[in-house]
Amino acid sequence: MSLLALVFSADDKVVRVLRRVLSELEIGMELCADAESAIHKLTRRRFEAVIVDCADQRTASRVLRSARSAPVNKRAVAVAILGQTGTAGGVDLGAHFVLYQPLSPERAKTSFRAVRALMKRERRRNARIPVETPVALQVNDGAGQLRAVTTDLGEGGMAVQLAHRPKKLGSVAIQFSLPGSSLPGSSSPGPEDIIQCTGEVAWENPGRQLGIRFVDLAPALRDRLKAWLESRTPEFEQDDPPAPCKLTDLSLGGCYLETGSPFPHRTRIILSMLVAGERLRAEAVVLVMHPDLGMGVEFTQASGIQRNLVEKFIHALTSSNGVMPEILVEPEGLETTEPAGAPAVGSGLEDPLLDLFRRRAELTPEAFQSELRKQRHPAPKAAAHKSSV
């Protein structure tokens, strides 16, 4: 199943560069030179990405809004191409990625590697396969444990059919086994086949069906679920390999990573590194992205599992005696709303690095990098809770 991008541009030079780059990255391209044909296709066909030339920002805004309002494309990755002087317009238009004119094949390909990785991840995360399996739900309404049956299942969540609707909907504890994953000769699943996590109710309908998004899914269980789904959806492409990044700044709450292919603001990512033969991982959310330079991320620590992972990750980095292991980054998906900003470990302490990330809107990339360099020589008080590498 090939990836497909809709391109809205009437600029022959832009189209030539995009056609070359997208072809090399094996992304299909559907070209529209006028807004009406682009909007018509966006409301009727599914695309993994929407690439908009913003020579006319009012028209570009119409095209991007139509993608967001169309159910089939509301989660498509949006890319804006701006003139060199329009540095602030892309995010204002609702784009995830921004490319600047003049558009060169080399720089465009670097950015589109991150675009492609996110296109694949979003498609896989939101795909569902029909399956019926019992689920135990613990709902916070005093009703105790509820029994339900799945109607579909994916990496990001599931739909379930309930016998009756709980009084309150919100966070739920989930437990189920993956069908057909029992050990040979056994009629019941082993411990490694049981999926346990918390979830959030994303939608419901009058027929007592709920859509539940997984949260706080342990890495080993996430890998097990992905492998099980891949075995039943062989037509899906593999995710792109994790991209290497250079760690330049670290605090208890987040870090800054230098990379030519940063992910956009609000992307949920997984950081991983190999230390003493063990693969350590931590979840994070991108708070600030600078094209071609890097990204500032906040560690996700809303649950006990996530906090433990972050503690191990930071301990390995700060105990490396100045020899930094290679850090790999892969996208986990786009947030549709602004991250809440979970408190960091030791949240009673100030975190100047996270404060800088949250001030991104008021700083140019140059001013941000200047502030970052200043923080690499902290005062003694700040050094008690922030490390720079």
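Heavy-atom basis, side chains included; hydrogens, waters and symmetry copies ignored.
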> Which is it for Leu225 and Leu217 under the side-chain contact (heavy atoms from CB on, under 4.5 Å) test, yes or no, and what are the steps along the way?
Replying inline: CA-CA 10 Å; Leu225 177 58; Leu217 188 59; 4.2 Å; yes
>> Applying side chain to side chain donor-acceptor pair (under 3.5 Å) to Arg266 and His96, what does each step give before you reach the verdict?
In response: CA-CA 9 Å; Arg266 299 201 306 270; His96 301 112; 5.1 Å; no
>> If you apply the rule side-chain contact (heavy atoms from CB on, under 4.5 Å), what do you find for Ser319 with Leu317, and how did you get there?
In response: CA-CA 5 Å; Ser319 303; Leu317 289 172; over 6 Å; no
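The environment of Arg279 atom CZ is dense: over 12 non-hydrogen atoms of other residues, nucleotides or ligands sit within 6.0 angstrom. Remark: Arg20 CZ is loosely packed, at most 12 non-hydrogen atoms of other residues, nucleotides or ligands lying under 6.0 Å away. When the shell of 6.0 Å around NZ of Lys312 is examined, it contains 12 or fewer heavy atoms from other residues, nucleotides or ligands. Within a 6.0 Å sphere centred on CD of Glu132, other residues, nucleotides and ligands contribute 12 heavy atoms or fewer.
Atom CZ of Arg116 sits about 13.5 Å away from atom OG of Ser111, to the nearest 0.5 Å. Atoms CE and CG, from Met119 and Asp239 in turn, are 13.0 Å apart once rounded to the nearest 0.5 Å. Leu31 CG to Arg19 CZ: the interatomic distance, rounded to the nearest 0.5 Å, is 6.0 Å. To the nearest 0.5 Å, atoms CD (Glu298) and CG (Leu354) are separated by 5.0 Å. Note that CG of Leu99 is 9.0 Å distant from CG of Leu82, once rounded to the nearest 0.5 Å. With rounding to the nearest 0.5 angstrom, the CG atom of Leu328 is 11.5 Å from the CD1 atom of Ile269.
Residues meeting the side-chain hydrogen bond (donor to acceptor under 3.5 Å, both in side chains) test with Gln161, sequence neighbours left out: none. Scanning for side-chain hydrogen bond (donor to acceptor under 3.5 Å, both in side chains) contacts around Asp355 gives an empty result, with sequence neighbours left out. Under the rule for a side-chain hydrogen bond (donor to acceptor under 3.5 Å, both in side chains), Thr259 has no partner lying at least two apart in sequence or in another chain. For Glu330, the salt bridge (Lys or Arg N to Asp or Glu O under 4.0 Å) criterion is met by no residue, not counting sequence neighbours.
No hydrogens or angles considered: a donor-acceptor pair under 3.5 Å links the side chains of Gln369 and Tyr256. In this structure, a donor-acceptor pair under 3.5 Å is present between the side chains of Ser61 and Arg65. A donor atom on one side chain and an acceptor atom on the other are not found under 3.5 Å apart for Gln375 and Arg373. For the 3.5 Å distance criterion, the side chains of Gln301 and Gln306 fail to qualify, holding no donor opposite an acceptor.
When every heavy atom of Pro179 is checked against every heavy atom of Trp228, the shortest pair comes out as O-NE1, 2.8 Å. Closest non-hydrogen pair, Leu42 versus Ser66, comes out as CD1-OG, 3.5 Å. Taking each heavy atom of Phe263 and Pro331 in turn, the nearest pair found is CZ-CD, 3.5 Å. A pairwise comparison of heavy atoms in Asp351 and Gly254 identifies OD2-N, 4.4 Å as the closest pair. Of all non-hydrogen atoms in His164 and Arg208, the two that sit nearest each other are CA-CD, 3.5 Å. Taking every heavy atom of both residues into account, Ile129 and Arg232 meet most closely at CD1-CB, 4.0 Å.
With hydrogens and angles ignored, the 3.5 Å screen pairs a side-chain donor or acceptor of Arg44 with a backbone N or O of His40. Between the side chain of Arg75 and the backbone N or O of Leu334 there is at least one donor-acceptor pair closer than 3.5 Å. A donor-acceptor pair under 3.5 Å is absent between the side-chain atoms of Ser370 and the main chain of Glu366, judged by distance alone. Under the 3.5 Å distance criterion, the side-chain polar atoms of Arg147 are left unmatched by any main-chain donor or acceptor of Pro134. Without hydrogens or angle criteria, Thr150 side chain to Thr133 main chain gives a donor-acceptor distance under 3.5 Å. Put simply, the side chain of Gln145 never gets that close to the backbone of Ala136: no donor and acceptor are under 3.5 Å apart. Listed for the Ser261 side chain is no donor-acceptor partner under 3.5 Å among the backbone atoms of Arg113.
Linking Ile, Leu, Val, Met, Phe, Trp and Tyr residues whenever their side-chain heavy atoms come within less than 4.5 Å places Ile51 and Met29 in a single cluster. Criterion: ILVMFWY side-chain heavy atoms under 4.5 Å apart, direct or through other members. Under it, Leu25 and Val77 are part of a common hydrophobic cluster.
Here Ile305 sits in one hydrophobic cluster together with Leu309; the rule is ILVMFWY side chains under 4.5 Å apart, joined directly or through other members.
At a threshold of 4.5 Å between non-hydrogen side-chain atoms, the residues Glu24 and Phe112 do not count as touching. Between Arg62 and Ile39, some side-chain heavy-atom pair lies under the 4.5 Å cut-off. When side chains are defined from C-beta on, Val160 counts as touching Ile212, because their heavy atoms get closer than 4.5 Å.
For the side chain to side chain contact (heavy atoms under 4.5 Å, CB included) with Leu257, the qualifying choice from Cys245, Pro244, Pro262 is Cys245, the only one to do so. When each of Arg121, Arg222, Lys120 is tested with Glu155 by the rule salt bridge (charged side-chain N to carboxylate O under 4.0 Å, His left out), just one qualifies, namely Arg121.
Between Glu283 and Arg268 there is no salt bridge, since no side-chain nitrogen of the basic residue lies less than 4.0 Å from a carboxylate oxygen of the acidic one. Under 4.0 Å is where a charged nitrogen must lie from a carboxylate oxygen, and between Lys13 and Asp53 no such pair does. Taking 4.0 Å as the cut-off between side-chain N and carboxylate O, Lys246 and Glu326 do not count as a salt-bridged pair. Ionic pairing of Asp249 and Arg376 is present here: one or more N-O contacts between side-chain nitrogen and carboxylate oxygen are shorter than 4.0 angstrom.
The stretch residues 270-298 participates, sequence neighbours left out, in these ring-ring contact (aromatic ring centres under 6.0 Å, His included) pairs: His290-Phe368.
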